[in-house]
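One structure is given here, and the rest of the page talks about it.
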2 protein chains.
Amino acid sequence: MARWEPGTRERLQAAALELFVSQGFDETTASGIAAAAGVTERTFFRHFTDKREVLFGGQHVLAERFTAGVDAAPEDASPADLVSAALRGAGEFFPDDRRAWSRRRQAVIDAHPALQERELLKLAGLARDVAAAFADRGVPEPAASLAGQSCLTVFGVAFGLWIAEGETRPFAELASLVHGELARVASAPGR
Amino acid sequence: MARWEPGTRERLQAAALELFVSQGFDETTASGIAAAAGVTERTFFRHFTDKREVLFGGQHVLAERFTAGVDAAPEDASPADLVSAALRGAGEFFPDDRRAWSRRRQAVIDAHPALQERELLKLAGLARDVAAAFADRGVPEPAASLAGQSCLTVFGVAFGLWIAEGETRPFAELASLVHGELARVASAPGR
DNA sequence: GTCTATAGTGCGATAGAC
DNA sequence: GTCTATCGCACTATAGAC
């Protein structure tokens, strides 16, 4: 038998979301989360550099989905096609059975500017990762950065629609819709 | 004679940037900034809700430039024209004699993730403000949000070019260039 | 695993401006 | 008298150092 229960990290994440939902972020202490997961405060800070980080565990998996989409695109794909490919990859991260959990998590984040800051930092990192994947496909700067950022723009708006109350369409459909809309508003001006 | 020197807020901001540059963000304490400005730590926290906030004072002015550009655009402007108008407005916030100061400030921010988080939160707020200006001009959702976010995407990339070492072209020229590039990568896929 | 510095809050007191 | 900017002190939680 193991010396510790396995899955400490996951227990901490689950306990944290639970407490944030029920008492709010500010009212929840790191030591309270640790206690709920059966470990000491010190252990909490060994797994997560700060209190906010506990909500942002799966980012690298999402990044891989984005870039895997780009890497899998055909050789002759245009930058616009690559954006579509990245979004299709990201869509795999959000099957319908994840929607309820996403709503719950996002409600916590939306209620706390400190958590929004952390989320924005993670998303900015994602945009950089995607831009790097574009650059690997030969897209020059500044187009690669713009394309990476645009992927995240579409992603963000589509995600907001996806978790809206009553929405039932799958993520991929919404992302495709929003991408088309972006093509219109971002078109060349004055002609 | 007044009981206190006026301009406490500005003195705190100047002292903070100075100390952040010379000793780094983490090594600079709030009470150190306060002392350098001739007030107590408690006064620092009355002007700024937290230590990072001291670097982000002029955001609302920038927001006004963005939205003023949108508001001043002609009645029949397309969404793409409105994006150009917003960027022209923002450009007025960055005359060439501001470039050295911007480089200095950005170097501090780039060196500290905590400051990047705060900056991203401010920029996200700007994107929302611009989106609201678009919505006021009758642009429906989700196009307004996409256009607002795209303004900030172009702004961010153009700003990065503007403060690059050796760059001398004015902000407006770079923004226009980047905007054209965005139109290409964000165009409709698959045709 | 303990110890400590710092961020950030709450509250009462002060003293000028109006 | 009210309003507002400041001080000063006590306090907790975070987060990192040892």
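Labels below follow one simple rule: chain letters A, B, ... track the order of the sequence lines, proteins then strands, and each chain is numbered from 1. Predicted model only: the values in this text are computed from it and were never measured.
Side chains of Glu141(B) and Ser145(B): a donor-acceptor N/O pair is present below 3.5 angstrom, by distance only.
Remark: the backbone N or O of Thr168(B) is paired with a side-chain donor or acceptor of Arg99(B) at under 3.5 angstrom.
Counting atom types as modelled, Arg46(A) pairs no side-chain N or O with a base atom of dG16(D) as donor and acceptor under 3.5 Å.
With distances taken from any side-chain atom of Asp50(B) to the nucleotides dG8(C), dA15(D), dC7(D), the minimum falls on dG8(C). Side-chain atoms of Thr40(B) lie closest to dC7(D) of the nucleotides dC7(D), dA13(D), dA7(C). Across dG10(C), dA13(D), dG8(C), the shortest atom-to-atom separation from the side chain of Arg42(B) is found for dG10(C).
Atom C1' of nucleotide dG10(C) and atom CD of Glu41(B) are separated by 14 Å, given to the nearest angstrom. Taking atom CD of residue Gln23(B) and atom P of nucleotide dT6(C), one finds them 12 Å apart after rounding to whole Å. Rounded to whole Å, the distance from CG on Leu12(B) to C1' on dC7(D) is 14 Å. Rounded to a whole Å, the CG atom of Asp26(A) is 17 Å from the P atom of dT12(D). Atom-to-atom, CZ of Arg52(B) to P of dT6(C) comes out at 18 Å; the value is rounded to the nearest Å. One interatomic measurement links the two molecules: CD of Glu53(A) to P of dA15(D), which rounds to 11 Å at whole-angstrom precision.
Considering only side-chain N and O atoms, His47(B) lies under 4.0 angstrom from the phosphate OP1 or OP2 of dT6(D). Considering only side-chain N and O atoms, Thr8(B) lies under 4.0 angstrom from the phosphate OP1 or OP2 of dT6(D).
Across all strands, Thr49(B) comes closer than 4.0 Å only to sugar-phosphate atoms, never to a base (heavy-atom distances).
Note that Lys51(A) lies in the cation-pi zone of Phe25(A), set by a 6.0 Å cut-off to the ring centre and a 45° limit from the axis.
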Atom pairs and distances, side-chain donor-acceptor, residues 54-69 of chain B, under 3.5 Å, sequence neighbours left out:
{"unit_1": "Arg65(B)", "atom_1": "NH1", "unit_2": "Glu92(B)", "atom_2": "O", "d": "3.2"}
{"unit_1": "Thr67(B)", "atom_1": "OG1", "unit_2": "Ala63(B)", "atom_2": "O", "d": "3.0"}
{"unit_1": "Thr67(B)", "atom_1": "OG1", "unit_2": "Glu64(B)", "atom_2": "O", "d": "3.3"}

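Heavy-atom nearest nucleotides on DNA chain C were determined for Thr43(A) and for Lys51(B), and the one closer to the 5' end corresponds to Thr43(A).
Counting heavy atoms of neighbouring residues, nucleotides and ligands inside a 6.0 Å radius, atom CZ of Arg128(A) does not exceed 12 of them.
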